[in-house]
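Below you'll find the structure, written out as structure tokens, and then a few comments.
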Amino acid sequence: MDKKASSSREKGSFMKKRDPRESLGARLLRALTDEELAALLDALFEPLDAKGLATLASRVDSGTTAILAGFHDGNSKKQKPIATRAKCEREWESAWERWGEVIAELGEEEGRYVDQENHWEAPCFSGDVFAESLDEVAKDILPLIDRVPWLWTEEKDLFRDALLEIKEGVDSYPEWMGEGECDLGPVMTTCFLKWEWCARSAKENGILELLERIRGTEDALMAISFDNEAFVEFFTSLPRGSQREIHDAMRKIGAAAQWQNRLSSSHSKWHRVQNTLLAHFDIKGYLEDCMVQLDNEWSYGLPLIEHLVKKHDLASADEVVKKTFASLLRFEYQDDKAWVPEEELILERLRYHSPSPDARIMKLLASATAIARERGNADRAAVLDLQKLMYRDAYRWDDISGAFRKFLVSSIGKPARILLSRWENMMAESSFGPLDGEGIDLDDTWVSWLIEAGIDEAKGREWFQTKVVQWLALLEGNSKRFKKSRSQIIALAGDLSYVTSIKTSHPRFANLARSEEVQGFKRCASARRAWLKKIGARSIVLPLIACVKWNARSLVPDPEHAHGSRYEEHAQWLRAVKEIDPDACRKVMDRWRIQHKRRRNLWDALKRAGLT
């Protein structure tokens, strides 16, 4: 019993008048807290021997007798958590009451499961929020399933009916609120599968019935779907004997029309289950299936490569490596162009890669490297080592630059130079965003110069400082070019504010520059700042301020391109210009009074910023 219930019981014991016919146990239950009651029971049970326990057990029901025997077996370390049927049923009913509370809000157009980001947008059903709420209840239900075996036959359709009730509730939303899609959470998915398994697996032909029941439930639920990972995990974590039964049953039903797509599609959770079971019980069939699926799902190449390497069939393994890379990169790039490791970073082709490296891709790169080395292609192996290093973490500048210093003077110097240029471009785009439309080459930015200076000892800090100072001098007399280079200037000022005194001398400008940092690439910014500090960037602060002062008017965004008549950004940048060059600030405002005199929100923003 929880503390709230205990507290309510204590409160009731003071408010209710005691019934003289009430039992001692009932009176103690009301009078004591849970902790006090537990301490009393410990004191009562401690001196009981086997005879005393037998006498006590003869005075209570059989369920309580079983509990007493379980708790008094003399080996507390081996005791399993047990409870009477009545206790289990009470917890079960309590959890399902909470389930009902979650379901009750389905269909309400202004309920908890309706999402509307903006008032002008139509509201829609939020399946994610609903699934999360349902999973919270399912977390309490899942461990109880094993404790209510009498219900497996009495209410064998319990979860299926509950899911169909959910569909009915989702379907009750108006059509204009969307399709009513919902991906059930992993715990809810496991609850359903475990219940169906407990209710049917032990019957004759129960496995076939089970699979058909699950398939039929999927069809009935339509836009409501199970969690794929939890689905596969449930079946592939069953005891080995049960997995064998599932495997055999899938072979029997595989030819049926309603099962063909489920068991043949590489992206189907049913196929993933079947493929995993094939690996346990039919290795030949497993490898054949992996080869069939490879073009549509690249990860099926991994076990094929591993198998061929173990057989020492490196030529065939190399061919599968090529097919696996082709499958991986084809759908990312929407192109059949083969990937050439010496000419292109794998990161460039993986346009939607996760910030964290995919362990499967790391394994593929490692296998490709090992095969190339075993086949005597040391140069290809070295290139793949470089690719793997950059894929693992493209923002570990120190490690990557160390590798390039080594490979630029080796037999792979030419491809290393190509890959270095492409990595520099990637780091520049991570720093400034796309520059293609601004007529600026990514390999001719201050970030590229910074990397070159850090890798090439013949260049170093003086070369970098000279390049930046010359670039800033060119921008001083060319406002058009300055505007194209604005994102570079902002990024440089933001970085310098961390490693020099520019934040002290020009705080508004420094803070705004920091605020415009390209989102999502903080690790790239950290690497740049560490290298700027190491290379002695203080000497470029004064040239930077001089360049910005000369082009102060070009630093402020044009109100003409404001989004939604919001001008706070323009006001803050004008304050920064005033900090750098008050005369330039005045000239900008004089021009705006003519060009933008009707933009009332602009002048309100300037007034709030203290500029009028």
Side-chain angles (χ1 to χ4, degrees), residues 294-295 298-299 301-302 305 318-373 375 377-397 399-437 440-445 447-448 451-452 455 520-521 523-524 527:
L294 179 54
D295 281 346
W298 71 271
S299 61
L302 296 176
I305 296 167
D318 200 21
E319 286 301 310
V320 175
V321 165
K322 293 174 184 176
K323 290 181 180 180
T324 305
F325 276 121
S327 178
L328 167 65
L329 301 174
R330 180 185 305 122
F331 296 103
E332 293 280 353
Y333 201 66
Q334 298 298 315
D335 194 341
D336 286 333
K337 174 187 172 186
W339 175 58
V340 181
E342 290 81 2
E343 298 176 1
E344 187 179 15
L345 298 180
I346 193 170
L347 279 170
E348 295 177 273
R349 295 288 289 267
L350 293 169
R351 295 192 174 193
Y352 305 106
H353 69 279
S354 167
S356 300
D358 186 325
R360 299 172 304 165
I361 296 178
M362 288 292 292
K363 183 177 180 180
L364 175 59
L365 286 165
S367 297
T369 305
I371 290 169
R373 190 168 284 119
R375 300 194 73 198
N377 194 342
D379 286 353
R380 168 57 66 90
V383 167
L384 288 168
D385 268 334
L386 257 180
Q387 293 278 359
K388 185 170 61 173
L389 179 64
M390 287 183 281
Y391 172 73
R392 184 179 63 190
D393 190 343
Y395 305 112
R396 292 173 66 170
W397 284 21
D399 292 347
I400 292 172
S401 63
F404 274 117
R405 272 193 291 271
K406 170 186 172 184
F407 288 124
L408 285 170
V409 295
S410 71
S411 59
I412 63 163
K414 184 176 179 180
R417 172 54 63 182
I418 294 171
L419 296 180
L420 173 59
S421 177
R422 300 190 81 100
W423 177 61
E424 287 175 0
N425 291 353
M426 179 175 287
M427 294 303 98
E429 194 160 4
S430 297
S431 303
F432 317 128
L435 296 176
D436 297 343
I440 296 174
D441 293 331
L442 285 170
D443 58 0
D444 194 27
T445 65
V447 168
S448 300
I451 292 173
E452 287 284 348
I455 291 177
F521 295 102
R523 296 198 62 214
C524 185

Which atom names give the shortest non-hydrogen contact between [X] and [Y], and what distance separates them?
X: Thr369; Y: Ala381; result: CG2-O, 3.5 Å
X: Ser327; Y: Leu294; result: OG-O, 2.7 Å
X: Leu386; Y: Ala403; result: CD2-CB, 3.9 Å
X: Gly301; Y: Val320; result: O-CG1, 4.0 Å
X: Arg380; Y: Asn377; result: N-OD1, 3.1 Å
X: Trp339; Y: Leu345; result: NE1-C, 3.9 Å

Walk me through it: do Met427 and Tyr395 pass the test side-chain contact (heavy atoms from CB on, under 4.5 Å)? CA-CA 8 Å; Met427 294 303 98; Tyr395 305 112; 3.5 Å; yes
Does any non-hydrogen side-chain atom of [Y] lie less than 4.5 Å from one of [X]?
X: Leu420; Y: Phe407; answer: no
X: Glu429; Y: Phe521; answer: no
X: Ile400; Y: Met390; answer: yes
X: Leu328; Y: Leu350; answer: yes
X: Leu365; Y: Phe325; answer: yes
X: Lys363; Y: Ile305; answer: no
X: Trp423; Y: Ile451; answer: yes

Rounded to the nearest 0.5 Å, what separates atom [atom1] in [X] from atom [atom2] in [Y]?
X: Ile418; Y: Glu344; atom1: CD1; atom2: CD; answer: 11.5 Å
X: Ser430; Y: Asn425; atom1: OG; atom2: CG; answer: 10.5 Å
X: Leu419; Y: Gln387; atom1: CG; atom2: CD; answer: 5.5 Å
X: Leu302; Y: Arg360; atom1: CG; atom2: CZ; answer: 7.5 Å
X: Arg422; Y: Glu343; atom1: CZ; atom2: CD; answer: 8.5 Å

Between Ile346 and Lys388, does a side-chain contact (heavy atoms from CB on, under 4.5 Å) hold up when you go through it step by step? CA-CA 9 Å; Ile346 193 170; Lys388 185 170 61 173; over 6 Å; no
Show, in sequence, the C-alpha distance, side-chain angles and deciding distance for Val447 and Glu424, and conclude whether the side-chain contact (heavy atoms from CB on, under 4.5 Å) test is met. CA-CA 7 Å; Val447 168; Glu424 287 175 0; over 6 Å; no
Main-chain N/O of Leu329 paired to Trp298 side chain as donor or acceptor, under 3.5 Å: no
State whether Asp385 and Arg373 are salt-bridged, where the test is any N-O pair (Lys NZ or Arg NE/NH1/NH2 against Asp/Glu carboxylate O) under 4.0 Å. yes
